[in-house]
Amino acid sequence: MGAKESLPGDGSAPEMHHYYSKFMRECPSGQLSLHEFKKLLGLQGLDPEGDLYIKRVFDIFDLNQDGFIDFLEFIAAINLVIRGKIDQKLKWYFKLYDADGNGCIDKKELLSIFTAIQAINGHTNMSAEEFTNMVFEKIDVNNDGELTLEEFINGVERDEDLLELITKSFDLSNVLKVIQSGRRHSI
């Protein structure tokens, strides 16, 4: 395997085979649909906000935008969450928040994503409005009500409390642990 650095773990052949067999066991077609993705994670029957968030996550993992996550996209997702550097993760988070894809995050986008995440995780010590206002207060340097990728990454990297809060709130490790262990939730 030539692309050793870009694979989870050490990228060894046995490890790749392990991931591949788990993926194929969960998804024999080799193409994971949004419905199968939700089922795999035990996230069916969410409220509309939660559904929207899972769809955004799915769409970002679906690199070629064909409506399915294939094995290579699956490996890229695991790699990002488990071994990605903080700025790679922040770029990913930014993409997740930027719902309309215009290259900026506005308060409405951040509020809707954070509301969705609260609907799934259910544990935070501040409201979605408080979180959104605090993020903009801390890192919207030109006070234009929008965060560019640069403002977002620089602002979050400079503020350790915010970095920890964002990482915890939007941590997808649990999602990928479910995928990795191949555990299905029967609902």
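Residue numbers run from 1 in the order of the sequence given. Note: hydrogens, waters and symmetry copies are ignored here, and every other heavy atom, side chains too, is used. Everything numeric in this text was worked out from a predicted model, so none of it was measured.
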Legend entry - Common cluster, Tyr97/Ile60, ILVMFWY with side-chain heavy-atom separation under 4.5 Å: yes

Inset, instruction - Give every residue pair that meets the salt bridge (charged side-chain N to carboxylate O under 4.0 Å, His left out) criterion with at least one member in residues 139-158, sequence neighbours excluded. - result: none

Legend entry - Shortest non-hydrogen contact from Glu36 toward Ser33: OE1-N, 2.8 Å

Legend entry - Distance in Å, Asp100 CG paired with Asn102 CG, rounded so as to fall on 0.5 Å steps: 4.0 Å

Legend entry - Interatomic spacing from CD in Glu137 to CG in Asn143 - rounded to 0.5 Å: 9.5 Å

Legend entry - For the student: nearest non-hydrogen atoms of Ile139 and Gly155, plus distance: CG2-CA, 3.2 Å

Legend entry - Flag, side chain of Glu109 to backbone of Asp106, donor-acceptor distance under 3.5 Å: yes

Inset, instruction - Report the C-alpha distance between Tyr93 and Val156 in whole Å, list the side-chain angles of each, state the deciding distance to 0.1 Å, and finish with yes or no for side chain to side chain contact (heavy atoms under 4.5 Å, CB included). - result: CA-CA 11 Å; Tyr93 293 144; Val156 174; over 6 Å; no

Legend entry - Salt bridge flag under 4.0 Å for residues Lys55 and Asp51: no

Inset, instruction - Consider only side-chain heavy atoms of I, L, V, M, F, W and Y, link residues closer than 4.5 Å, and tell whether Met24 and Phe68 are in one cluster. - result: no

Legend entry - Which atom of Leu63 lies closest to which atom of Ala76, heavy atoms considered: CD1-CB, 4.2 Å

Legend entry - Spacing of CG belonging to Asp98 relative to CG belonging to Leu110, to within rounding of 0.5 Å: 11.0 Å

Legend entry - Distance (rounded to the nearest 0.5 Å) between Ile69 CD1 and Phe74 CZ: 9.0 Å

Inset, instruction - Determine whether more than 12 heavy atoms belonging to other residues, nucleotides or ligands lie under 6.0 Å from atom NZ of Lys138. - result: yes

Inset, instruction - Kindly compute the distance separating CD1 (Ile75) from CZ (Phe23), expressed to the nearest 0.5 Å. - result: 9.0 Å

Inset, instruction - Kindly work out whether a path of hydrophobic side-chain contacts (I/L/V/M/F/W/Y, heavy atoms less than 4.5 Å apart) joins Ile86 to Ile105. - result: yes

Inset, instruction - Examine Leu163 and Leu149 and state if one hydrophobic cluster contains both, with Ile, Leu, Val, Met, Phe, Trp and Tyr joined whenever side-chain heavy atoms are less than 4.5 Å apart. - result: yes

Legend entry - For Asp87 against Ile153, the heavy-atom pair lying closest together: O-CD1, 4.2 Å

Inset, instruction - Evaluate the side chain to side chain contact (heavy atoms under 4.5 Å, CB included) criterion for residues Met134 and Leu162: first the C-alpha distance (whole Å), next the side-chain angles of each, then the deciding distance (0.1 Å), finally the verdict. - result: CA-CA 9 Å; Met134 188 254 313; Leu162 187 58; 3.9 Å; yes

Inset, instruction - Give me the ring orientation class for Trp92 and Phe61: parallel if the planes are under 30° apart, tilted from 30 to 60°, perpendicular past 60°. - result: tilted

Legend entry - Arg56 to Lys95 - nearest heavy-atom pair and separation: NH2-O, 2.5 Å

Inset, instruction - Check whether any side-chain heavy atom of Phe114 sits under 4.5 Å from a side-chain heavy atom of Val135, and report yes or no. - result: no

Legend entry - Steps toward side chain to side chain contact (heavy atoms under 4.5 Å, CB included) verdict (Phe152, Leu90): CA-CA 8 Å; Phe152 181 73; Leu90 289 175; 4.1 Å; yes

Inset, instruction - Name the orientation class of the two ring planes belonging to Phe71 and Tyr20 (parallel below 30°, tilted from 30 to 60°, perpendicular beyond 60°). - result: perpendicular

Legend entry - Euclidean distance, Glu73 CD relative to Gln65 CD, rounded to 0.5 Å: 8.5 Å

Inset, instruction - Can you establish whether the number of heavy atoms outside Lys107 located under 6.0 Å from its atom NZ is more than 12? - result: yes

Legend entry - Over 12 foreign heavy atoms within 6.0 Å of CD, Glu160: no

Inset, instruction - Search all heavy atoms of Cys104 against all heavy atoms of Thr148 and return the closest pair with its distance. - result: SG-CG2, 4.1 Å

